[in-house]
There are 2 protein chains.
Amino acid sequence: MRQKYTKYGLKSQKLGFLTAGRENLLSIGSALTNSTNLKSLSQELGMSQTTVSRALNGFPEVSERTRQLVLKAAAKHNYKPNTRARRLATGKSMTIGHLVSVSKEHEMVNPIFADFIAGASARYAQSGYDLLLSLVPDEDEFTSYKELAARSAVDGVVVHAPRVDEQRIAQLNNLNLPFVVHGRSSNTVEKYNWVDVNNERSFFRATQLLIELGHRSIGLINGVAEMDFAMRRTRGYRRALKENNIAVAEAYITHSEMTEPNGYKNAITLLDLPTPPTAIVTSSIIMANGIRRALDERELKLGRDVSVITHDDDLSYFRDPAAVPVYTATRSSVREAGRLSADLLLKTIADPGRDPEGILLDAELILGSSTKPPRPR
Amino acid sequence: MRQKYTKYGLKSQKLGFLTAGRENLLSIGSALTNSTNLKSLSQELGMSQTTVSRALNGFPEVSERTRQLVLKAAAKHNYKPNTRARRLATGKSMTIGHLVSVSKEHEMVNPIFADFIAGASARYAQSGYDLLLSLVPDEDEFTSYKELAARSAVDGVVVHAPRVDEQRIAQLNNLNLPFVVHGRSSNTVEKYNWVDVNNERSFFRATQLLIELGHRSIGLINGVAEMDFAMRRTRGYRRALKENNIAVAEAYITHSEMTEPNGYKNAITLLDLPTPPTAIVTSSIIMANGIRRALDERELKLGRDVSVITHDDDLSYFRDPAAVPVYTATRSSVREAGRLSADLLLKTIADPGRDPEGILLDAELILGSSTKPPRPR
DNA sequence: AGAAAAATCCAAAGCGCTTTGAAAGCGTAA
DNA sequence: TTACGCTTTCAAAGCGCTTTGGATTTTTCT
């Protein structure tokens with residue numbers, strides 16, 4: 001007799017060992033697939049699988065009486081069509097992929113992604129889509145997209161944290177996989193779907209506000225320079241200075257991953273300059289916390305001694321219900337961006353011929369208590 | 001002739017309209033399924049689908065020469081078995097579900113979940129599993145698990161943020177769906193898999209340290225009381241006071257969602273008591289930031305005027321590379337917890353007969369600069 | 001009443017893979 | 001040469017659903 005090498009053979013052996021008492025494979029098989037299926041449901045109802053399937057999926061070709069009978073029986077057994085079978089039959093994955101890259105340097109996961117996904121997830125759920133999440137080392141990003149596409153595991157993907165030069169956009173267009181970018185990529189000429197905040201304008205306004213208050217030495221504590229949002233924010237900052245005839249001091253500009261310790265470290269660097277800035281604009285409320293710590297350490301008071309404006313993604317665990325918020329901020333809900341991205345992606349999947357669309361959100365400039373005119377020397 | 005009501009009928013009409021030029025459905029169909037499949041690959045190789053499948057899946061029943069030929073051809077076409085088909089055929093979903101509940105009150109997503117998932121995700125990827133993420137309003141939690149099980153969309157789930165009284169554990173045991181709890185549930189007698197930090201002991205130690213420094217009035221700014229971790233931390237805190245014959249002042253204990261503004265608010269409450277505490281223990285580094293802000297506002301200095309110990313989940317965007325960290329902290333990497341949870345879940349799925357296991361992590365007590373003896377009055 | 005139209009239902013054919021049970025190929029011993 | 005045991009390959013049967021093209025029943029219209 002032929003020796004059994006197959007996976008199944010091995011497994012059944014193992015199972016048999018563990019579940020002594022079972023006499024055959026069949027009983028184990030049925031123990032694994034415990035739930036009601038379409039076949040048994042239709043048999044119980046004395047109808048064909050077709051009719052039951054149609055009744056459940058809302059097709060008009062089944063009488064109302066039949067539909068009610070089917071729905072009642074389905075509810076009774078808590079029947080839900082098997083996802084795996086349904087996906088194979090329909091040829092759709094009903095799944096959206098989110099690939100979030102984890103920076104190699106600090107193994108950092110951008111904290112805004114949780115709130116972004118919270119927004120998107122709700123939309124997917126409404127439309128019956130699942131969310132496939134994968135955190136990948138940033139050098140593996142494209143490989144991961146390609147693999148998802150090749151094994152057709154998803155119907156679309158969201159691209160997080162685009163860089164100024166973003167390869168993924170062209171690559172995804174080639175793969176013919178619907179996608180939406182959260183953010184934009186300046187050096188990309190192709191058309192693509194995106195949802196972004198008006199970074200340039202909001203940092204222009206923030207800087208402008210500080211200038212109007214009388215500040216002339218304004219620091220910028222920004223994210224990593226390769227990131228598109230960071231580049232745009234720097235541009236807004238520079239433009240404001242330029243339009244007000246203030247020279248840009250390169251030493252006032254720092255770029256780094258947006259962690260609290262980096263906010264602290266960069267603020268210390270600025271504060272220890274021969275002529276330290278009297279105001280700071282920063283890209284993240286997490287960094288703002290680090291800046292506050294630096295001020296504290298240098299015995300300086302936020303607002304009174306140094307003004308700070310931060311970008312505020314309206315993260316749920318920093319949301320400030322106070323009438324006057326702590327930080328003057330350019331605020332834009334990243335959760336709302338998640339919702340909009342999801343909507344856009346679902347629209348694109350439903351209608352592949354659709355022209356790519358860009359959605360530009362305008363951050364509000366919210367006045368808090370961290371900005372005051374500079375202290376007279 | 002019968003009128004076409006079917007979904008497909010409708011859709012093909014729509015597609016036809018949008019893609020003028022295509023003559024028939026077939027061509028559209030093939031445009032959608034663009035990738036190579038097993039059939040075409042085996043035809044090209046002049047082998048049966050069986051042989052190709054076996055060669056790719058590492059079965060020993062295919063000669064080395066054949067395997068190499070197959071692998072080469074597969075690589076050439078970037079062939080990956082279609083996920084949907086494979087899952088139906090094997091009867092496995094190769095997917096782990098993470099249901100993260102979003103609190104109704106603040107729509108808050110616990111910030112630790114991103115790092116936890118980063119840890120788990122890497123493990124899943126290694127074993128060929130996908131991660132299905134769903135953020136659900138906390139009242140829908142169980143419905144969501146039930147639905148995932150009914151449509152057999154996942155092979156196992158992770159339970160986040162268990163409460164002292166946690167219904168989900170018994171429910172999941174009934175569903176016969178493998179699961180791991182991140183944390184524990186005190187009032188649950190059933191056995192289940194869990195990965196948790198020794199919350200009781202670490203808060204005992206933290207409180208003990210403050211007492212040894214000379215503090216007698218110690219506040220506790222904790223998470224929501226229903227959460228199991230919060231209850232255990234309170235217990236450790238109380239035990240330390242008790243063992244040192246210090247009366248517990250209920251006014252020194254606050255419970256709330258762990259946001260920065262709540263940290264601030266609760267700290268202000270404590271600091272404005274007739275006899276304010278000289279030290280505070282808190283459950284989250286985010287709250288610790290709020291506490292620092294409160295100290296700042298009351299013109300108090302962290303460490304010198306009020307000592308603070310925080311629990312530190314070692315979140316990537318707060319990770320402090322400084323030799324002496326800002327906060328004295330009970331530290332335990334939540335990312336490591338994610339890895340361990342994933343390992344445990346995958347083990348359970350591979351071997352369903354396995355006895356449930358609990359993994360207890362011990363938080364380190366890290367000395368930082370936020371703890372000093374109390375200031376003499 | 002009879003024919004046409006509409007409504008309702010069904011058997012069967014996939015979806016793209018894995019797995020089974022059997023057949024074919026191949027070297028070696030009798 | 002034949003027979004035997006391995007090794008290697010294959011045709012075919014599902015997995016549980018959706019969708020097709022018809023078949024059957026009911027309603028509507030003349």
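Order of the sequence lines fixes the chain letters, A, B, ..., with proteins taken first and strands second; residue numbering starts at 1 for each chain.
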- Query: How close or far is atom P of C:dC15 from atom CZ of A:Arg86, stated in whole angstroms?
  - Reply: 19 Å
- Item | Rounded distance [0.5 Å steps], OG in B:Ser341 versus CH2 in B:Trp194 | 11.0 Å
- Task: Calculate the interatomic distance between B:Glu61 atom CD and D:dA11 atom P; express it in whole Å.
- Result: 17 Å
- Task: Tell me which nucleotide among C:dG16, C:dC10, D:dC17 gets nearest to the side chain of A:Leu88.
- Result: C:dG16
- How long is the line joining CG of B:Leu41 and P of C:dT18, in whole Å? 12 Å
- Could you check which of D:dT9, C:dC10, C:dT19 has an atom nearest any side-chain atom of A:Met47? C:dC10
- Message: As a test of reading the structure: which of C:dT8, D:dC10, C:dG16 is closest to the side chain of B:Asn82, going by heavy atoms?
- Response: C:dG16
- Which nucleotide in C:dG16, C:dT19, D:dC17 has an atom nearest any side-chain atom of A:Asn37: D:dC17
- Message: Taking only side-chain N and O atoms of B:Thr51, does any of them lie within less than 4.0 angstrom of OP1 or OP2 on D:dC10?
- Response: yes
- Task: State whether the distance check finds a donor on one side and an acceptor on the other, under 3.5 Å, for side chain A:Thr66 versus base C:dT8.
- Result: no
- Message: For A:Ala85 and B:Glu64, find the nucleotide of DNA chain D closest to each by heavy atoms; which residue's nucleotide sits nearer the 5' end?
- Response: B:Glu64
- Query: Out of C:dT18, D:dT18, D:dT9, which nucleotide sits closest to the side chain of B:Gln49?
  - Reply: C:dT18
- Task: Select one nucleotide: of D:dT9, C:dT18, D:dG16, the one nearest the side-chain heavy atoms of B:Ala89.
- Result: C:dT18
- To the nearest Å, how far apart are B:Phe59 CZ and D:dT9 C1'? 15 Å
- Task: May I ask you to verify if any side-chain N or O of A:Tyr79 is less than 4.0 angstrom from the OP1 or OP2 atom of D:dC17?
- Result: yes
- Message: Using a strict threshold of under 4.0 Å (side-chain N to carboxylate O), is an ion pair present between A:Arg123 and A:Asp343?
- Response: yes
- Whole Å only: how far is the NZ atom of A:Lys80 from the P atom of D:dG16? 18 Å
- A:Gln43 atom CD is separated from C:dA11 atom P, nearest whole Å, by 11 Å
- Message: Tell me the interatomic distance from B:Leu38, atom CG, to D:dA12, atom P, rounded to whole angstroms.
- Response: 16 Å
- Query: Under a 4.0 Å N-O cut-off, is there an ion pair linking B:Lys39 with B:Glu44?
  - Reply: no
- How close or far is atom P of C:dT18 from atom NZ of B:Lys39, stated in whole angstroms? 16 Å
- Message: If you compare every side-chain N and O of A:Ser53 against the phosphate oxygens of D:dC17 (OP1, OP2), does one of them come in below 4.0 Å?
- Response: no
- Taking salt bridge (Lys or Arg N to Asp or Glu O under 4.0 Å) as the test, write out the residues that go with A:Arg151, two or more places apart. A:Glu147, B:Asp130
- Query: With no angle test and no hydrogens, is the base of C:dT19 tied to the side chain of B:Thr50 by a donor-acceptor pair under 3.5 Å?
  - Reply: yes
- Task: Classify the ring geometry between A:His160 and A:His98 as parallel (under 30°), tilted (30 to 60°) or perpendicular (over 60°).
- Result: tilted
